[in-house]
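So the structure is just underneath, and the comments pick up after that.
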2 protein chains.
Amino acid sequence: MGKNCVNDYTLRYAAQVRGPYSEQMSRSVTLLDVAEAAGVSIATASRALTGKDRVSRNTVERVRAVASELGYRVDPIARALREGSTRIIGMIVPVIGNPFFAQLVDAVEEQVHAAGFELLLADSHGYVTEEARRLQVFGERKVDGVAIVPSDRIASLPALRALPAGLAVVQLDRSAENAAADFVGVDNEAGFRLLFDHLVDQGVRSVVFAGSDDITSNGAERWDAFQREVQRTGLESGEPYRGEFSIHSGSEAAAALVARRALPDAIVAGSDLIALGLIAGLREHGVRVPEDVLVTGFDGIELGQIYSPSITTVVQPVDGIARDAITYLVGRIQGTESAIRNSRIAPTLRPGRSTQR
Amino acid sequence: MGKNCVNDYTLRYAAQVRGPYSEQMSRSVTLLDVAEAAGVSIATASRALTGKDRVSRNTVERVRAVASELGYRVDPIARALREGSTRIIGMIVPVIGNPFFAQLVDAVEEQVHAAGFELLLADSHGYVTEEARRLQVFGERKVDGVAIVPSDRIASLPALRALPAGLAVVQLDRSAENAAADFVGVDNEAGFRLLFDHLVDQGVRSVVFAGSDDITSNGAERWDAFQREVQRTGLESGEPYRGEFSIHSGSEAAAALVARRALPDAIVAGSDLIALGLIAGLREHGVRVPEDVLVTGFDGIELGQIYSPSITTVVQPVDGIARDAITYLVGRIQGTESAIRNSRIAPTLRPGRSTQR
DNA sequence: CTGAAAGCGCTAACAT
DNA sequence: ATGTTAGCGCTTTCAG
């Protein structure tokens with residue numbers, strides 16, 4: 001029943017509404033309408049509504065009353081043309097399909113709206129060329145600020161530099177070297193310290209890194225952090241696998257590792273997605289986790305918890321990262337002059353079955 | 001040469017115009033700059049660039065040359081104010097964190113950009129109030145079109161109706177009843193037919209539905225489709241579990257099912273996320289999939305493939321849905337008058353280990 | 001405290 | 001084919 005019903009009604013309704021053309025296209029209320037209705041000039045009406053200038057108490061109240069009476073809402077476009085500011089923040093992520101970025105976008109969106117801005121989202125698909133193109137569009141569209149997860153530690157820089165001077169920018173999660181912009185991300189070193197302490201507790205003697213290449217800052221930093229922890233803990237370490245932050249890379253790492261004679265006690269993956277692909281890949285080759293080898297992840301995506309085995313991982317404080325980043329960004333938009341911040345937020349460890357002997 | 005030329009000119013011009021203020025804030029090239037440099041009026045310059053009106057071949061070439069020389073790009077805001085059109089498409093999804101929607105957004109974004117629009121993305125978090133608020137903002141911001149995954153079959157309607165008359169709208173994946181707008185989604189009935197045929201092939205005799213409630217169109221339709229297939233195939237069916245499209249609901253379904261005396265041969269989940277939560281939940285209760293019970297999903301998210309066991313699922317043709325939806329939407333934006341379309345795209349089955357006896 | 005008027009950059013009448 | 005000009009809706013000098 002449901003379906004037929006919908007269609008009938010839908011069609012009928014459509015016929016009824018459309019008609020000759022826009023009989024009912026009620027042109028929206030403009031500031032002039034409000035001014036006239038309130039018996040003041042358009043200038044006074046503007047001042048009364050924005051509150052940025054001296055207007056008598058009485059007038060303000062009257063204008064405001066009339067405005068809400070008429071259902072007036074400023075035209076953001078006219079305002080943008082006049083002010084040169086859109087109250088839009090543009091965001092660029094490498095891959096929205098990566099659950100970690102989806103989580104990050106979600107958190108950022110909330111902060112952006114809370115701050116009274118809209119979010120214009122774009123996906124670079126990991127290509128600096130696309131990233132550059134999107135950044136340029138942001139500049140042309142006169143967004144007030146840009147929140148970016150740079151896809152390339154080095155190559156993301158030129159496009160960032162080409163942004164209109166004075167445009168507020170904040171980097172999240174990953175950074176481009178020498179970008180003169182604030183950055184907020186996880187403390188990778190702290191994360192790996194947690195991970196290694198945990199592995200040592202589990203009696204692990206040898207580890208192998210399966211992470212991303214050096215193209216992204218996190219790829220590079222996590223590999224550095226891994227090496228530093230190997231030093232600190234004195235664990236044995238084998239040839240690393242370096243790919244991308246993806247499930248696919250995890251599977252490839254699995255194939256590569258299995259092809260070697262011996263497995264280490266534990267494999268430290270550069271992200272949860274890699275860990276997931278890794279475990280699935282190992283399983284295909286008959287290697288069981290955690291029975292035959294332990295595996296750790298990084299990021300703390302929800303799916304890691306319900307995977308079998310659940311992934312031991314470093315949980316990124318996504319909300320905190322988003323909050324700080326947007327706070328910084330809005331600060332810059334409002335012109336608060338200050339030194340460039342490089343902010344590292346401490347993560348936490350979430351132990352799972354994947355490292356449980 | 002070109003580039004230096006531009007910058008020199010720009011800077012000189014800026015300095016000259018601005019005065020004491022922003023010494024380095026290179027004001028961008030305006031249409032007037034182009035007109036003057038090309039020795040024509042601003043109107044002619046506009047015509048030459050937009051190509052919407054008769055201009056001599058010569059002039060067109062000269063203006064275009066000068067424009068690209070100077071690096072001119074139209075100001076989208078000024079144009080929007082004048083034309084009343086922003087070349088932006090607004091999109092609303094219930095939860096960007098749901099991998100299926102992330103996939104959908106990705107596909108839509110590609111189509112939107114290919115059509116020469118920008119994408120303004122918003123997340124309703126499943127609340128109609130938020131959805132309504134976002135829709136209103138879209139209207140105010142004068143987006144040219146709206147692509148929406150309505151979060152409520154019924155309650156999403158008012159906000160949709162409140163949109164400025166004539167604003168182009170397309171619904172994806174889910175629909176609101178009686179919304180006078182195009183819709184593109186998967187053919188749920190066809191999907192369940194594939195599923196049931198497969199289950200029957202596996203020798204299944206009894207099934208239970210673990211899906212979403214009737215709040216979303218897909219929740220309602222899939223439950224209907226399930227019942228219809230039960231009729232058609234003559235399988236036995238038990239009391240369904242109805243929740244949300246989430247991992248969490250899957251776990252709850254598992255708890256509910258385990259609490260009953262007997263398990264069916266197969267559990268048909270309303271989505272992959274539910275299936276994932278379900279399998280994880282069953283495992284916690286010592287129930288193995290597929291050994292003790294078979295499980296199917298719906299959507300075809302990547303993670304279903306690497307899960308253990310891999311999920312047998314109905315793969316939605318996400319790219320096709322996005323392509324059709326944006327084609328419809330752009331058609332409406334360009335004023336192609338036509339009847340309202342209700343388009344169902346046929347899915348395919350991807351068998352996995354979760355139904356392999 | 002308020003009003004008149006300029007003008008953001010562009011497109012589209014309306015002239016020529 | 002091209003130029004002149006009005007005006008989209010708003011904020012902000014500049015006067016009073």
Side-chain angles (χ1 to χ4, degrees), chain A residues 25-64 66-67 70-87 139-142 144 164, chain B residues 10 13-14 17-22 25 27-64 66-67 70-87 139-142 144 164:
Chain A
M25 183 84 172
S26 58
R27 208 184 46 81
S28 55
V29 197
T30 109
L31 186 55
L32 187 60
D33 299 333
V34 175
E36 284 175 351
V40 295
S41 79
I42 182 176
T44 303
S46 170
R47 284 188 276 246
L49 259 17
T50 59
K52 278 187 198 162
D53 218 333
R54 325 221 145 277
V55 189
S56 88
R57 216 166 193 61
N58 248 318
T59 321
V60 172
E61 276 174 18
R62 188 153 33 91
V63 172
R64 295 230 165 125
V66 171
L70 262 47
Y72 169 78
R73 316 238 27 188
V74 305
D75 180 336
I77 298 176
R79 171 183 274 174
L81 180 61
R82 178 61 228 231
E83 294 195 316
S85 137
T86 51
R87 311 203 177 184
E140 284 166 10
R141 291 264 176 194
K142 303 232 174 27
D144 290 351
Chain B
T10 308
Y13 185 73
V17 164
R18 294 238 144 195
Y21 231 51
S22 42
M25 183 88 170
R27 207 183 50 83
S28 55
V29 195
T30 105
L31 186 55
L32 187 60
D33 299 333
V34 175
E36 284 174 352
V40 296
S41 79
I42 182 175
T44 303
S46 171
R47 284 188 278 247
L49 259 16
T50 60
K52 278 187 196 163
D53 219 331
R54 328 217 144 278
V55 190
S56 88
R57 215 163 195 62
N58 248 319
T59 321
V60 171
E61 276 172 20
R62 188 154 32 92
V63 172
R64 295 231 165 126
V66 171
L70 262 47
Y72 169 78
R73 318 237 24 187
V74 310
D75 180 335
I77 298 176
R79 171 182 275 175
L81 180 60
R82 178 63 229 228
E83 295 196 313
S85 137
T86 51
R87 310 201 179 187
E140 283 166 12
R141 291 264 175 195
K142 304 233 172 29
D144 289 352

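Here is how names work: the chains are called A, B, and so on, in the same order as the sequence lines, proteins then strands, and each is numbered from 1. Note that the coordinates shown come from a computational prediction; the quantities given were computed from them, not determined experimentally. Side chains are part of it too, since the values below use all heavy atoms of this structure and drop only hydrogens, waters and symmetry mates.
- Residue B/Thr30 places at least one side-chain N or O under 4.0 Å from the OP1 or OP2 atom of C/dC10.
- In this structure, B/Lys142 places its NZ atom 13 Å from P of D/dC8, rounding to the nearest Å.
- Residue A/Leu32 contributes atom CG, which lies 14 Å from atom C1' of C/dA5 at whole-angstrom precision.
- In this entry the distance linking CG of A/Leu49 with P of D/dG9 reads 16 Å, nearest Å.
- Atom-to-atom, CD of A/Glu36 to P of C/dG3 comes out at 12 Å; the value is rounded to the nearest Å.
- Place B/Val55 and B/Ala78 on DNA chain D by their nearest nucleotides, and B/Val55 ends up nearer the 5' end.
- Between C/dG3 and A/Ser41, a contact under 4.0 Å exists linking OP1 or OP2 to a side-chain N or O.
- What you find for B/Leu70 and B/Ala37 is that their closest heavy atoms are CD2-CB, 4.1 Å.
- Nearest-nucleotide assignment on DNA chain C puts the 5′-proximal partner with B/Leu81, out of B/Ala43 and B/Leu81.
- For A/Asp75, whose side chain is taken as the heavy atoms from C-beta onward, the closest listed nucleotide among C/dC10, D/dT11, D/dG9 is D/dG9.
- Remark: C1' of D/dT2 and CZ of B/Arg62 are 11 Å apart, rounded to the nearest angstrom.
- Here the C1' atom of nucleotide C/dG9 and the OH atom of B/Tyr72 are 7 Å apart, to the nearest Å.
- At the heavy-atom level, B/Arg54 lies under 4.0 Å from base atoms of the strands shown.
- One donor-acceptor pair, N or O on each side, does fall under 3.5 Å between the base of C/dG3 and the side chain of A/Arg47.
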Checking B/Glu140 against A/Arg87 for the salt bridge (charged side-chain N to carboxylate O under 4.0 Å, His left out) test, could you report, in this order, the C-alpha distance in whole Å, the side-chain angles of both residues, the deciding distance, and whether it holds? CA-CA 13 Å; B/Glu140 283 166 12; A/Arg87 311 203 177 184; over 6 Å; no
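- With distances taken from any side-chain atom of A/Arg82 to the nucleotides D/dG9, C/dA12, C/dG3, the minimum falls on D/dG9.
- In this structure, A/Arg141 places its CZ atom 14 Å from C1' of C/dG9, rounding to the nearest Å.
- When every heavy atom of A/Thr59 is checked against every heavy atom of A/Ser56, the shortest pair comes out as OG1-OG, 2.6 Å.
- OP1 or OP2 of C/dT2 sits under 4.0 Å from a side-chain N or O of A/Thr59.
- Atom CD1 of A/Ile77 and atom P of D/dC8 are 14 Å apart (whole Å).
- With D/dC10, C/dC10, D/dA1 as the choices, the nucleotide that has an atom nearest any side-chain atom of A/Leu31 turns out to be D/dC10.
- Within the nucleic acid shown, A/Ser56 comes within 4.0 Å of sugar-phosphate atoms alone, with no base atom in reach, counting heavy atoms only.
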